[in-house]
Each structure stands twice: as C-alpha cells, then as structure tokens.
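This report refers to the structure that appears directly beneath it.
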Amino acid sequence: MTTGFGLPVFHGVAIGPAVVYRKAQRILPVPSGDPAVEQAKFDAALETAREQLTALFEKAKKDIGEEHAAIVEVQLLMLDDLDYLDGVAMAIEGGAAAAIAALDTGEEFAQVFAAMDDEYMKARSADIRDMSHRLYDILCGAGGFQLPSEGSFLLVAEDLAPSETIQLPRERILAFLTRQGSSSSHTAILARTLNIPSLVQSDIPLEVAEDCKILAVDGFTGTWYADPDEETLAVLRKKQAEAAAARNALEAYRGKESITKGGRKILLAANIGSPEDAVDAIKADAEGVGLMRSEFLYLGRDSLPTEDELFEAYKKVAEIMGHRPVVIRTLDIGADKQVSYMGLEKEENPALGLRGLRICLTREEIFRPQLRAIYRASAYGHLNVMFPMVASVWELKAAKALCANVRAELEAEGVPTRDVPIGVMVETPAAAVLAHELAKEADFFSVGTNDLTQYTLAVDRQNAKLGEFYDPYHPALLALMAHIAKAANEAGIWAGICGELGADPKMQEKFIEMGYTELSMAAGRILETRKLVCESEL
Ligand code: PEP
Ligand code: MG
C-alpha cells in the first residue's frame, strides 16, 4: 500500500481502478527525405484514422443518436477526398514530411472552406481541420488519450483544463485526483457538481496510479491509498456506507421549503454548465439555476457556437427548469478558460485581461448572438441574464442598451420574448464598492466570491502555491459582501451568492444574516444547505 495526501474539494469516499490522463505528446518524426517513404507513412496513418473515426462514429451513434453522429461521418468521408489526397501527395513530392503535408494541406483546405458564402460549407472548415489534426497526431505518435470503453474509474492527472473535463464520461468517474489545481479551479467545481470525492494538489505520482490495481480516495481527510491493505479497505468501506446513510437522511428535506425558523425565505439554486447539468439540478431538488456558466458551450470545440445552438441550449435549460428561475451568465471566457478559435491574443496577465463582459463589449459579433439566443429562449421559461466581470456602471449601461436593442429587433421580426431581468455578477472590488450605484441599474446581484476573493486579496485563484493566502474568510472580503447585500436591500433588489463560498456551511448563516436571499451552488449541496436553513434560528 502506498499512501499520500491532497487538498480535498468534495467529501465522500471512492474506491476503484485508476485511469491516468496524460496529455498527448507530439514528437515530429525526423523526415526520411524520401517521398515514397513519407507517402507510405501517410497512407498507413489514413488507415489508422479511418479505424479511429469508424469506432468513434459507432460510439457517437449509440451515445447521442445518428443525426448528431453525422459530424463524425463527415470526417470519415473527407478521408477519401481526392483533392485533399492529391494536395498531400504533391506536398510530399515537394519534400514535405508526411505529418507536415497532412497538416498544411488540411489548413489550406480549411481556409478555402472558411471563405465560402454558404454557411454549411463554412462550417465544414472545422471538420477538415479536425481530420487533418488527427492525421498529424497519428503521424507524430500522439495516439490521443484513450479511456477504457466501459466501467467506472478514478481519474488521475497532472491537471485538467475545462476543455478536457467537458469531454469526459462524467457518469463513469468516481473521483478526480490532480497533482495541480486549487479548490476554486474548474476541476474542483466540476467535482462538486458531480458530487464526487476529489483531491487537488495531491502528491500522487502518476506512475503509482498507473501501476496500482485499486485506488481509494478519502475526501473527508484528503488521503489517497494505492492498493490499500484489507484493514484500510474495511475502514474506507465503512466510511463510504456512513456517507451514503447521511445522504439518505437528507432526503427528508426533499420538496421542503427553504425557510429559517424566523421566516427568512432563501432560494437554493444550482450552478450549471450545460442542459445536462440542469437535469441533475432538478434531481437534486434545486429551486432554480443561480448561475449557468455559458462558456462551457464554447469549450471543447473549434468554432463559435451559432445563435441557434445557444438558443437550443438555453431553451432546453428553460424547459427543464420550468417555473423555476434561471440565471444565464453571458460568456466568461479568458483567464483560466481559453478557446483557440476566438483569436484572442496571449496576455501577460490574463486574469486582469480581456475577459468576461470586456470581450463582449469589444466584440459585438460575439455578444449579440448570445443576447438574441437568451431573449428567444425567454419565451420558454423564466430566464435572467447576468454579466460577469463588471467594474464600472457604464459597462452595465452599455450591456443593457444592447439587450434593449436585441429585444426590439426580435419583436420587429415577430419573435416572442419575455422580460429578462438583468443582473450583475459582483466579482470585482470596484463593483462591490459601487454596489449602490449599480443597484440603480440592475435587477439583481449575484456575488462571484471565487473572483471577488482573488481580486480583493490580489491572490491568483489558480496558483496552488498561494493556498493559505487565498482566504475566503478574510475580513476585507466579508466587509465587501456585507456592503453588497446592504446596497441591494436598500435598493429593493435581491442579492445572491454563486461563488463557492455560498456553499460553505461555516458561512451560510452569516450570509443570510447579511441579507442574501439566494445561494447558488453545486447541485449536490442543495439538500444539506436546506437542512441548515431550516434549522437556523434567524
Ligand atoms: C466566481 O468568480 O465566483 C464565479 C462563480 O465564477 P467563475 O468561478 O466561473 O469565475
Ligand atoms: Mg468569476
């Protein structure tokens, strides 16, 4: 048995086989200098790509249906495209290595498609790129990461980017263990959403995880065990059973009103990233969605989602949540959530850079489709919109003006819309200090404590080495939190908390006392928070 520690980000116990996630390493093979040899390498890669895509197509058909699996089928057909194959052959003949010929020819074709007028053909440029990158990866020996095709496992990684986590089969993951990451990183947030015990900053060597037969994680103590002995296993199994019993006991709070003994009604909502999460929110008895992180619709793909794609996602969430309120946060890309296709420049200091509402206000072609999609979907439920990273009143006014413009445009087109309350995500100290001014323009506030902590204390939330300095109980932060709630109450608008601190049982009563009336959190925390609210004397 080998054992070690990590920072626990969700409680519980998980026991099972470990799978180690390693990022693909691409090593460009030394070109042979002989076109015939390079062509033979390319032909072999073509066959491997065909096998991979066929397997992927079959899986996609099973998982998401034939219609959606067509995306993969298109790429399979492209492998036979004679123009592409001729282009590669010519590049190889001209002295290029097979990998470079596959990649560069794919890029040339992708650009030709991207410049076409037809929307369908335009969209195919991403498929060509995807296909040629696959060939490139095969030729560079980066077979890509292969998950076991069935069974549950504990996922161990150096670190996981949001774009990587969204591609994982979440229902089969028993726990996350990362060597890096922080308690407010997105892997930690996902672990809480999925309700699974997880450790970040763990000292588990990847080789140990790779070699062990059974890995166990105790999310209560932050301990991991590789090949635990019988005695340890028995203790862990007992803990696991006790945790399950505690979860069952919380079932008594399902369907109950979240109200304190003194009569304060608190709305307990869920944080979600996709329509799929909304289903989990309903299962967890959430009373609404307090934060939909819409950037998850932008991650793990090669191009911007279209207005229609966004509309479909928002409509689905609105319909799933029914009469319950849903707060959609507009795109909060930048900082730790990067996408390659937006053409954003690399920044020295991304957390203080072009992110959140700043991107939207400088790129209307990115902002307008989001707002149109939200207003179109408003007819199907109770949607609210919220802007991230606001620091000045003018930013809120500019965003509101575009909302009004979009709604008028849709009405002129005969598209039904409803009123969509407009809120500010208070996550910069400037917005917190200006809460009284912002409250005159906003319908609600929701405090993003993850960023508000980082910006108030000037402590990078992603930097594992700063752990003890990232203090969410810091008096400066709590003073700002009290100020925000007071400003909202005086202006007669509601204030909630959607950062991780809103789910902290040590703080929840204090926040209710400050005047917060909504707490939004990982769905798995709803019932235990309801218990706390119902037992509160406030
Ligand atoms: C926050 O900053 O507290 C928040 C909820 O948003 P995110 O974690 O997505 O930045
Ligand atoms: Mg934030």
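Predicted model only: the values in this text are computed from it and were never measured. We count ligands from 1, going down the list as the structure has it; atoms in each ligand are counted the same way.
- Counting backbone and side-chain atoms alike, D451 contributes an N/O/S atom closer than 2.8 Å to the Mg ion (ligand 2).
- Those atoms of ligand 1 that come under 4.0 Å of a heavy atom in G448, given as number and element, are 1 (C), 2 (O), 3 (O).
- For the pair R530 and Y253, the cation-pi test (distance below 6.0 Å, angle within 45°) is failed.
- The closest approach between E500 and ligand 1 stays at or above 4.0 Å for every heavy atom of the residue.
- To the nearest 0.5 Å, the span separating CZ on R247 from CG on L527 amounts to 11.0 Å.
- A salt bridge does not link D443 to K400: none of the charged side-chain nitrogens sits closer than 4.0 Å to a carboxylate oxygen.
- Within E427, the N, O or S atom at minimum distance from the Mg ion (ligand 2) carries the name OE1.
- In summary, the atoms of ligand 1 found under 4.0 Å from a heavy atom of R293, numbered by their order in the structure, are 4 (C), 5 (C), 6 (O), 7 (P), 8 (O), 9 (O).
- For atom 2 (O) of ligand 1, the nearest non-hydrogen atom from the set D451, I497, I189 belongs to D451.
- The side chain of L291, and not its backbone, has at least one atom closer than 4.0 Å to an atom of ligand 1 (non-hydrogen atoms only; side chain from C-beta on).
- Aromatic ring orientation, H436 versus H483: perpendicular (interplanar angle above 60°, classes split at 30° and 60°).
- At the shortest separation from atom 4 (C) of ligand 1 among protein heavy atoms lies M425 CE, 3.2 Å.
- Closest of all the heavy-atom pairs between I366 and Q370 is O-NE2, 3.0 Å.
- Of all atoms in ligand 1, listed by their number and element, those nearer than 4.0 Å to a heavy atom of E427 are 1 (C), 2 (O).
- By the criterion of a heavy-atom distance under 4.0 Å, the side chain of R461, and not its backbone, is placed next to ligand 1.
- Residues S520 and N271 have side chains that bring a donor and an acceptor to within less than 3.5 angstrom of each other.
- Residue contacts with ligand 1: R329 is included, with a non-hydrogen atom under 4.0 Å away.
- Salt bridge annotation for E347-R355: absent, with no cationic side-chain nitrogen under 4.0 angstrom from a carboxylate oxygen.
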task = Show your reasoning for whether salt bridge (Lys or Arg N to Asp or Glu O under 4.0 Å) applies to R461 and D451.
result = CA-CA 7 Å; R461 67 190 259 194; D451 276 315; 3.0 Å; yes

